[in-house]
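Note that the structure is a prediction, hence the values are computed from the model and not measured. Below, read A as the first sequence line, B as the second, and so on, with proteins coming before strands; counting in each chain starts at 1.
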Number of protein chains: 2
Amino acid sequence: MSRDHIDLCSETLQTPCLVVDRSRISANIERLKQRFAGTDVVFRPHLKTIKSYGAAVLAMESPQGPAAVSTLREAEEFGGKGITELLYAVAIPPQKLKRVSALRCTGVDLQIVVDSVEAACAVAEHAKSTSDRIPVLIEIDVDGHRGGIALDEHAYLIDVGRAIARGTELRGVLTHAGESYRASTAETLVAAAEQERSGALAAAKALRDAGLACPVVSIGSTPTALSAGSLAGVTEIRAGVFMLFDLFQLGVGVCRMEDLALSVVTTVIGNQRRKNWTFTDAGWMALSSDRSTQTQAVDQYFGLVCDIDGCPFEDLVVLMVSQEHGVLAPRPGSSAALPELPIGTRLRILPNHACATAAQHAEYKIVDRGRDVVDVWTRFGGW
Amino acid sequence: MSRDHIDLCSETLQTPCLVVDRSRISANIERLKQRFAGTDVVFRPHLKTIKSYGAAVLAMESPQGPAAVSTLREAEEFGGKGITELLYAVAIPPQKLKRVSALRCTGVDLQIVVDSVEAACAVAEHAKSTSDRIPVLIEIDVDGHRGGIALDEHAYLIDVGRAIARGTELRGVLTHAGESYRASTAETLVAAAEQERSGALAAAKALRDAGLACPVVSIGSTPTALSAGSLAGVTEIRAGVFMLFDLFQLGVGVCRMEDLALSVVTTVIGNQRRKNWTFTDAGWMALSSDRSTQTQAVDQYFGLVCDIDGCPFEDLVVLMVSQEHGVLAPRPGSSAALPELPIGTRLRILPNHACATAAQHAEYKIVDRGRDVVDVWTRFGGW
């Protein structure tokens with residue numbers, strides 16, 4: 001980065017821009033690592049949120065990984081930087097297998113995921129024809145959230161396991177307790193984590209009872225990783241958004257306001273005083289259109305507005321967005337007054353969903369409990 | 001682009017990816033241009049949707065423009081390619097003026113917009129101190145949609161005009177009938193267009209009556225540009241999404257299904273047959289989280305699903321999205337059956353909002369009424 005001193009109020013800072021607080025991301029990572037210190041459970045951070053090498057090295061146990069990714073582009077980018085223990089944690093169609101093998105040829109131990117006999121057969125056939133024994137995990141559905149083989153489909157699970165083992169290496173089972181995102185109490189979080197663990201273990205046992213190898217039992221989501229009681233039988237945990245946290249995770253109850261490490265810096269561009277509206281240059285292009293907190297107890301609309309030091313104004317939210325306009329207003333139902341925000345005022349917006357907001361930007365400005373930009377981490381997108 | 005033949009079903013095509021149908025975009029542009037052919041009204045396409053030089057040259061009257069942009073990054077990118085008649089159509093804070101002047105120094109006639117005395121004074125002061133007489137338009141609020149000076153604030157409007165004229169060039173007035181997006185009948189569209197025209201003209205008249213110059217009367221939105229009856233007194237029209245159209249504009253009623261020029265190509269990665277769900281590799285990262293059709297008569301959820309040739313399946317929508325998963329299902333309330341969609345099937349998704357979906361991608365694959373990729377247009381983001 002440039003040697004020129006720049007802070008979040010500098011005229012030369014272009015807004016909107018994305019900011020990460022280094023002390024906060026470091027503390028968030030340390031907190032999760034500490035949960036698994038002294039256990040046999042491998043921590044495999046999911047890099048889909050951050051998509052930046054600068055953050056990946058903070059989160060991983062070693063410069064080689066392990067880590068999880070959500071696109072082959074991530075696998076290639078991170079693989080090219082020496083992160084060799086990777087898991088592509090999305091079910092794979094046959095068209096993507098050539099690219100997997102090409103990356104594995106460069107020395108990256110990329111594992112993949114399937115949840116059907118069709119996909120298992122395609123991988124096995126590919127492995128036999130290329131002699132690339134790609135390690136495969138079977139996705140298990142523990143809570144009806146999305147994909148995966150349901151817990152009462154053990155016969156089908158074994159068919160999938162056998163189809164894999166006929167042509168390549170069955171590495172284990174994987175699940176993601178996506179329904180834990182709907183939790184909002186300590187009890188429901190602990191229950192979701194136990195459901196995730198016990199479901200994955202039951203699947204592993206079914207495979208093992210059928211004489212199949214299942215060395216890996218991989219589970220994880222940010223809420224369950226932070227809430228799990230027992231991890232007995234689990235070999236690895238995945239989580240991603242815990243590094244940054246966001247208003248949605250705040251609503252789930254797994255972080256505090258002062259843990260939120262990601263924000264968007266924006267500049268006031270106008271006011272409509274009759275309507276109690278202030279306009280900024282951060283619209284959906286900078287914040288994303290994510291409205292995930294709409295289903296939670298506190299609706300944060302398109303984000304919560306803070307002063308430039310990150311201190312939230314009472315009940316001031318981004319009420320509406322268009323492409324390059326954010327409309328700030330008191331949260332509907334609140335009696336809070338709109339603060340005086342003259343044109344040119346710099347503000348920080350805490351986003352609903354860190355993954356979605358970060359995806360709108362090409363870099364992070366790094367600050368450290370203050371306004372000074374001390375570093376820049378590039379990030380990437382695409383597939 | 002590579003000389004290798006590639007089509008939308010090729011194994012080497014990486015999905016998800018963004019596709020534009022060249023015949024459709026060309027016809028959409030021609031249709032709007034024809035509306036203004038033989039009139040004195042200048043057509044100024046808004047490049048915020050497409051953000052690609054390949055499309056800009058199709059839409060503009062000349063290689064120099066004119067065109068509108070939503071970020072200074074767009075102004076710099078397009079200015080660097082010789083598009084010199086540009087309008088930054090978002091109210092500007094003082095911090096951005098240096099960058100405007102730097103670009104104008106390279107020969108780009110970049111106009112800017114203000115809607116307050118504060119901003120007008122800041123621009124006038126900057127212009128005097130730099131001797132860069134930046135042309136300024138005053139934003140007028142004709143329908144309560146967002147920013148701008150309301151029609152009953154003529155005294156304030158004149159104050160803003162005088163503040164500009166004291167230091168730089170008052171070029172005219174600008175408005176955007178954003179509320180026209182809520183229209184859904186020909187009558188309400190025509191009325192919104194007339195409200196936009198008459199409001200802008202009233203503001204221009206107030207300035208002229210006060211002895212201020214107001215050569216430009218700039219109006220526009222895709223719905224009103226396509227619906228306006230009279231354009232008397234208007235000097236220029238702006239519109240952007242008309243090039244691609246999308247499901248939202250279909251719901252407004254200003255295009256037909258067969259005009260939609262943008263789609264996302266995706267690959268089936270799994271099925272949950274018990275739930276009538278099919279999974280694809282196009283989640284919100286590829287589609288955006290935009291849910292704008294939720295307020296319309298037909299809710300398209302996160303997009304409408306078509307076969308690879310672009311023919312929609314009956315009532316098949318992207319019901320839910322996560323980062324890299326799309327969940328396809330019949331539209332709630334529909335009795336349509338989920339078609340058989342084996343793993344590996346290629347599909348096309350029509351998006352709710354072309355601006356938001358395109359923003360998630362770095363390039364367009366260009367097809368021409370078929371599956372063959374005949375060109376690639378790069379696009380850019382950022383500020």
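Of the listed residues (G382(B), A356(B), G178(B)), the greatest number of heavy-atom pairs within a distance under 4.5 Å of chain A belongs to A356(B). Heavy-atom pairs under 4.5 Å with chain A peak, among H361(B), H325(B), E118(B), at H325(B). Ranked by heavy-atom pairs under 4.5 Å with chain A, the list P342(B), G344(B), A150(B) is led by G344(B). Among I149(B), L72(B), I92(B), T15(B), the residue with the largest count of heavy-atom pairs under 4.5 Å with chain A is T15(B).
Judged by distance alone, the side chains of Q14(A) and R99(B) do bring a donor and an acceptor atom under 3.5 Å apart. Checked by atom type, the side-chain pair S289(B)/R291(A) shows no donor-acceptor distance below 3.5 Å.
Side chain of Q95(B) to backbone of T267(A): no donor-acceptor contact under 3.5 angstrom is found.
For Q272(A), the part sitting under 4.5 Å from any heavy atom of chain B is the side chain, from C-beta outward, and nothing else. Proximity to chain B is absent for every atom of V114(A), based on heavy atoms less than 4.5 angstrom apart. If you measure heavy-atom distances from Q360(A) to chain B, the contacts under 4.5 Å come from both the backbone and the side chain. Using a 4.5 Å cut-off between heavy atoms, A91(A) touches chain B through backbone and side chain atoms alike. Heavy atoms of Q323(A) lying under 4.5 Å from chain B belong exclusively to its side chain.
Under the 4.5 Å side-chain criterion, counting only non-hydrogen atoms from C-beta, S116(A) is in contact with I343(B). Two residues are said to be in side-chain contact when any heavy atoms from C-beta on lie closer than 4.5 Å; W284(B) and H353(A) meet this criterion. In this structure the side chain of W383(A) reaches within 4.5 angstrom of the side chain of P16(B), judged on heavy atoms. The shortest distance between side-chain heavy atoms of E324(A) and K48(B) does not fall below 4.5 Å.
For N276(B), the side chain to side chain contact (heavy atoms under 4.5 Å, CB included) criterion is met by P330(B), L338(B), not counting sequence neighbours. Evaluation of the side chain to side chain contact (heavy atoms under 4.5 Å, CB included) rule for A122(B) yields P94(B) as partners, not counting sequence neighbours.
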D141(A) and R274(B): CA distance, side-chain angles, deciding distance, salt bridge (Lys or Arg N to Asp or Glu O under 4.0 Å) verdict: CA-CA 13 Å; D141(A) 174 17; R274(B) 288 183 188 180; over 6 Å; no
